[in-house]
Amino acid sequence: MPDRDFYDTPSPGKEPGTGRGAERSTELDREAERRRRRAQFLRDLAEARELRDRVQPRRAKAARLRHAMRMRTFRW
């Protein structure tokens with residue numbers, strides 16, 4: 001009967017964390033972390049804008065009107 005440890009040991013060069021696969025996974029991890037940080041930043045930015053609009057309603061209304069005017073005069 002063969003030894004069971006033989007099947008559980010990886011072959012040389014197939015250890016996790018070696019070769020090009022490891023470089024690719026760290027690149028994907030960095031990209032995923034960048035996307036998470038960017039998403040968090042955009043959520044915080046939207047929250048800050050909502051807070052500013054609640055605190056300064058007159059300025060928010062003027063900004064909305066200016067934006068609407070710009071969009072009406074914009075030519076496609």
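Bear in mind that the values here come from a model prediction, so they are computed numbers and not experimental data.
Scored by the side-chain hydrogen bond (donor to acceptor under 3.5 Å, both in side chains) test, Arg36 finds Glu33 as partners (sequence neighbours excluded). In this structure, the side chain to side chain contact (heavy atoms under 4.5 Å, CB included) partners of Arg70, at least two apart in sequence or on a different chain, are Arg66, His67. With sequence neighbours left out, the side-chain hydrogen bond (donor to acceptor under 3.5 Å, both in side chains) criterion links Glu47 to no other residue. Not counting sequence neighbours, the partners of Gln56 by the side chain to side chain contact (heavy atoms under 4.5 Å, CB included) test are Arg52, Arg59. Residues passing the side chain to side chain contact (heavy atoms under 4.5 Å, CB included) test with Arg64, sequence neighbours excluded: Ala60, Lys61. Take Arg43 and apply the side-chain hydrogen bond (donor to acceptor under 3.5 Å, both in side chains) test, not counting sequence neighbours, and it matches Gln40. With sequence neighbours excluded, the residues satisfying side chain to side chain contact (heavy atoms under 4.5 Å, CB included) with Leu42 are Arg38. With sequence neighbours left out, Glu31 forms a salt bridge (Lys or Arg N to Asp or Glu O under 4.0 Å) with Arg34, Arg35.
Other members of the cluster containing Val55 are Leu51, with ILVMFWY side chains joined at under 4.5 Å, either directly or via other members. When hydrophobic side chains of Ile, Leu, Val, Met, Phe, Trp and Tyr are connected at separations under 4.5 Å, Leu65 ends up as a singleton with no cluster partners.
The structure places CZ of Arg58 at 14.5 Å from CG of Asp53, a figure rounded to the nearest 0.5 Å.
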